[in-house]
Structure formats: C-alpha cells, structure tokens
S.K.: 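I'd like to ask some things about the structure below.
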Number of protein chains: 2
Amino acid sequence: MPYDPSAFPPFAVTVDLVVLTVRRHSLCALAVRRGESPFKGRWALPGGFVRADEDLNQAAARELAEETGLRAHDPSSPAQDNGAHLEQLATYGDPERDPRMRVVSVAHLALAPDLPAPRAGGDASNARWAPVEELLQQGGHGRDGEPVAPLAFDHARILADGVERARSKIEYSSLATAFCPPEFTVGELRRVYEAVWGVALDPRNFHRKVTGTPGFLVPTGGTTTRQGGRPAQLFRAGGATLLNPPMLRPEV
Amino acid sequence: MPYDPSAFPPFAVTVDLVVLTVRRHSLCALAVRRGESPFKGRWALPGGFVRADEDLNQAAARELAEETGLRAHDPSSPAQDNGAHLEQLATYGDPERDPRMRVVSVAHLALAPDLPAPRAGGDASNARWAPVEELLQQGGHGRDGEPVAPLAFDHARILADGVERARSKIEYSSLATAFCPPEFTVGELRRVYEAVWGVALDPRNFHRKVTGTPGFLVPTGGTTTRQGGRPAQLFRAGGATLLNPPMLRPEV
DNA sequence: ATCATAGTCGTCTTCCTGACGATAAACACG
DNA sequence: CGTGTTTATCGTCAGGAAGACGACTATGAT
C-alpha cells in the first residue's frame, strides 16, 4: 500500500548534543558559534540533521565525532578505549522552537574525559568548552568580562536537562568514570563528583565507598603522583554499571 | 532567509503511548488492534501523527484522551484530580522501523489508576488492557489459550522500555500513587509496588517506610474496609515527588 | 629538616532496613 | 455467639551503610 503524503505533516529531525566534560574542577559543555541565521553569532549546542538512512544514535555518534573526534562507546561492549559515553536525552518539538520550520530535535547526552581542544569542523575559534553555569546564566558577564548572550533556540533548556541527567545518573551508576581517562585515581574520580555536583565530599568516606563497591573499580597495579602528594593507586572502571546502594549526593 | 527544503530529508513524527495501570494484581498496558496495513490485525501501542501546530506533549495528551478519556496531569500543578501521569519516554527512529516511510516516534509513558474499560475511538473490541508479560512474551499463548503475536513495529521494545522506566521510577519517586485512585490505603499502594515489581513486600516494613517518609502521604481522616479485614486509613498523595532515601526494590 | 599536599586505614555514632512477633478491628461461618 | 480469617498497625532487634573525624603515610616544595 503506497503511503499518502498528505496524511501527515513533514518534519525536519535533528540531533543536538550536550557534551559534558570536567576541566579545572568545573563541569563544562561544548558550545559552537552559529555561522548562520537565525541566532547568527550566538553560541549553541552542536548538532545537525539526521540523514535519510541513519538511525538516531548513529546520527548522534556521527555529530559527536565531527565535533570532537571522539568515538562513542557501544554500551553493549565493555570498551575501555578513549570513547565517550553517549545516550539519548530527550526530544524537543515545540512548534515555535525554530523560526524557519517545524524541527524536532532528539537531544543526546555525551560524557567525555578532558580533551586537548575542541574542533568545530577544523575551526577551533567557533567551538569552546564553557562552564555550564556560564552557558546557563541569563544575561550577566562571563569570566572574561564580555557579556553573555543566552544560547540559541531552546538549547539552554536542553543543556539544563542534560546537566540534571548527568547529576542524577552518577548517583546510581558508574557513569562518572566516563569523565575520567582510562586509568585514574580515587581522588580524580572524587573531583569529578565534586565538579558535577558542585559540592565537597569527604575524601575518606568517598574512598571507602568506591573501593568497597564490588565491580566499580579494578586496580591496575600502577600508581601515580600526578596530583602531587602521596602516590595514589590507579584504577580502571570495573564492569559494574549500577551502584547499589547508590552514591549519596549531599542534601541540597 | 527562506529555508531550503532540499537541505534535509522529511520525516513523519508520531507519538506512541505506553499506558500502564494495575488491575487484579498485575501490571497491564493498553493495546489497540491495528485496522490497517502494515501489521493489520496485530496488537500495537496507541499513537498517532503529531499535528503541524502541536507540541509533542500536547500530541501525547491528545492521544491519551482519545484512547482512554483520561486527562493528563500538568506536572507543574498539584492536581489531585483523576488525571494520569504523563511523561516523555524516549524516541525511536530506526530507518526500518516502519516499512512505509521514515517515521520517528516519540514514545510517552502514562500511568493511570484502574479504569472501568478502554475505548478505542468508541470501539471497545479493538482496545484492551493486557498484562505486560503477555504482550512481551515471544510466541506462546495468552491466558485464554489463543496464540499471541508479537506487538507491531518495534512496540515490544518501546513497551519494555516503558515498563523498565516505571519500575525504576517508583523506587525514588512518589509516582506509584499515580496508579491509585485519589484516596487509597497503604495496602493498596503496597499492592501497586508488588504488581509493578512482581515481588512480595513485607506489609509492616512497607507501612513503616511510606508513613515515615515526610510528604509522601497525607491522611484524609477517613477509613475504608473495601479490601476486607480491619479498616485501613485513607491517604492522598502528598506534595513530595522525590523519595529520599528511596524505596528499595528487593534484590533481583 | 620542615611543611604542604594527597592518599589510605580506622573508629564511633546514627540512621535505615529486613526479619518477625504481637495486637487490633473488621467480616464469614458454623 | 464464638471462632477463624483477613488485613492493618505497632514494636523489637540485629546488621549494614553513611557521616564525622582522628591518625598515619608517602611524596614534592622550600
């Protein structure tokens, strides 16, 4: 049976990416400067159209690779490579969200270790890592004193949803290790939690918790002093994905 | 700047609904029989096209009302009416998921109290509440002995995702009350947990937990014996939405 | 040598949970 | 009318986990 194109309205479908990382003790997101109208010159989340023969997560993985060079982890494989965690976040389809046409955007959330430098199609000046508070604040000024314009489209809402997802998900999963390099110390992992949650955690209780949770961390045998102080044991992420009981976020 | 229609492929966008309820101690989902090809005669999740001027949650609320007569709760208002909980679940966009054309489906999850009877556009024979295990089992036979065909499209996957979302979400939120009538007893709420999780819970510990969590339940002052036995206190859902500490699901 | 920095091990108290005994208030039935 | 059944509700106890925090260790910096 041939389909009837008049039976449904046509939509454009895009994927937008909330790419988070932890740099210098703060949670940062990848932003790209828009080169075209609307919102020309404003910062936005990276993203693009889904192609005709592409699945949604394929499109998200392709955009992630184009913007950062990162490969996405296949969640089904126990990959310990330098890939990023990638998952679907939510879909945004307000009829007014793009003034040009009806666009439905399937937002994805990516968590990556600290990277050397962003690249936006080879043009580094049009991409940057910015602290999420800076991207989300309404008006005001960034750390360099220049006034901050809100993100384009509804990207502030999408970013806020992605940050909230990351904050809650590291409570009950081992996802915080996605922010770390392949080998990391307990202290580095703790600083990830502190940056994402914006709180200070007791190093002793944190150490007891993460080393006492079976399958969370596996020691590699090596040590490092890259953080200064006494040498720390190096770990890799263990196979466990769900933390039970969860890591408790200090009360708001 | 006018937009260039050749710059992106056109998609159809639909909403599909996972509507869950608890009937006779088991978790049930709403299924409708397809009247058209493809999958004609097979059971599927209710859903339909998003209209040109409609937001996604508006479309989901409209479909929910058409299929069940339920109004969706506005999550921002503390409504205690007979509405259902409605939230976005996930989006499914495999290029092959609909043989006719490229369709992206934004699935939503609805939780409803036990309803008198479903209606599918007024035709009750084409809609039913079925236990989720029955809808999800591959092959085999239903309780009435008739062979069970898998759900149409990728709806089994969508239903499984919705069930898993509901199972995990009642752990750390007060969402289980969405399965209950406006006034309910602790025992009725416990039977909701037991049906959704498929486990037996200790009535005494459950009672201690839910009545001891501030803001979860507020007593109405009334009592009922509709379950038999000693009269039980009636409660309404309190304002609290997040349970901290969570309700612990017995180990798998 | 001394200090600062970070990591690691223990202790103690408090809270929460799971297991389970006991009592209370309704109904069904002989 | 007693007796059993069902459901609700309160209480007790032991074990585990978490927060607070003391103590010690192993590096580099001055």
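Everything numeric in this text was worked out from a predicted model, so none of it was measured. Letters A, B, ... are given to chains in the order of the sequence lines, protein chains preceding strands, and every chain is numbered from 1.
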S.K.: Taking CG from D202(A) and C1' from dC12(C), how many angstroms apart are they, rounded to a whole number?
M.R.: 14 Å

S.K.: Do side-chain atoms of T223(B) reach the backbone of A232(B) as a donor and acceptor pair under 3.5 angstrom?
M.R.: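 It does not hold such a pair.
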
S.K.: Between atom CG in N205(A) and atom P in dC12(C), what is the gap in whole Å?
M.R.: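 N205(A) atom CG is separated from dC12(C) atom P by 15 Å.
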
S.K.: Output yes when at least one side-chain N/O atom of H207(A) is less than 4.0 Å from OP1 or OP2 of dG7(C), else no.
M.R.: no

S.K.: Nearest-Å distance, CZ (F184(B)) to C1' (dA8(D))?
M.R.: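 Spelled out: CZ on F184(B) to C1' on dA8(D) is 16 Å.
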
S.K.: Round to the nearest Å and state the distance from N244(A) atom CG to dA18(D) atom C1'.
M.R.: 15 Å

S.K.: Over how many whole Å does the gap from F206(B) atom CZ to dT7(D) atom C1' extend?
M.R.: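 It works out to 14 Å between those atoms.
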
S.K.: How close or far is atom C1' of dA18(D) from atom OH of Y193(A), stated in whole angstroms?
M.R.: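 Taking atom C1' of dA18(D) as the reference, OH of Y193(A) is at 15 Å.
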
S.K.: List the atom of A240(B), the atom of F216(B), and the distance in Å for their closest heavy-atom pair.
M.R.: CB-N, 4.1 Å

S.K.: Any N or O donor-acceptor pair under 3.5 Å from the base of dG19(D) to the side chain of R208(A)?
M.R.: yes

S.K.: Considering only heavy atoms and no angle criterion, is a donor-acceptor pair shorter than 3.5 Å present between the side chain of R204(A) and the base of dG7(C)?
M.R.: no

S.K.: Rounded to whole angstrom units, what separation is found between the CZ atom of R249(B) and the P atom of dG18(C)?
M.R.: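 One finds 13 Å between P of dG18(C) and CZ of R249(B), rounded.
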
S.K.: Which is more 5' along DNA chain D, the nucleotide nearest L248(A) or the one nearest T211(B)? Just name the residue.
M.R.: T211(B)

S.K.: Within the structure, does a side-chain N or O atom of K209(B) lie under 4.0 Å from either OP1 or OP2 of dC16(C)?
M.R.: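 K209(B) to dC16(C) OP1/OP2: no side-chain N or O under 4.0 Å.
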
S.K.: Is it the case that R24(B) places NZ or CZ above or below the six-membered ring of W129(B), under 6.0 angstrom from the centre and within 45 degrees of the axis?
M.R.: no

S.K.: Which is more 5' along DNA chain C, the nucleotide nearest T225(B) or the one nearest M247(B)? Just name the residue.
M.R.: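 The residue whose closest nucleotide sits nearer the 5' end is M247(B).
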
S.K.: Using a strict 4.0 Å threshold on nitrogen-to-oxygen distance, state whether R165(A) and D161(A) make a salt bridge.
M.R.: no

S.K.: In terms of the nearest nucleotide of DNA chain D, which residue is placed more toward the 5' end: P231(B) or P246(A)?
M.R.: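 With P231(B) and P246(A) compared, the 5'-side residue is P231(B).
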
S.K.: Hey, which of V163(B), L27(B), L175(B) is the one that makes side chain to side chain contact (heavy atoms under 4.5 Å, CB included) with V196(B)?
M.R.: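 When side chain to side chain contact (heavy atoms under 4.5 Å, CB included) is applied between V196(B) and each of V163(B), L27(B), L175(B), only L27(B) qualifies.
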
S.K.: Got a donor-acceptor pair under 3.5 Å from the side chain of R230(B) to the base of dA26(C)?
M.R.: no

S.K.: Once you round it to whole Å, what is the distance between P of dA19(C) and CG of L201(B)?
M.R.: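 So the CG-P distance, L201(B) to dA19(C), works out to 11 Å.
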
S.K.: By the 4.0 Å heavy-atom rule, please label R191(A) as base, sugar-phosphate, or nothing.
M.R.: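 Sugar-phosphate, no base atom in range.
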
S.K.: NA contact type, R226(B), heavy-atom cut-off 4.0 Å: base, sugar-phosphate, or nothing?
M.R.: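 Nothing, no heavy atom under 4.0 Å.
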
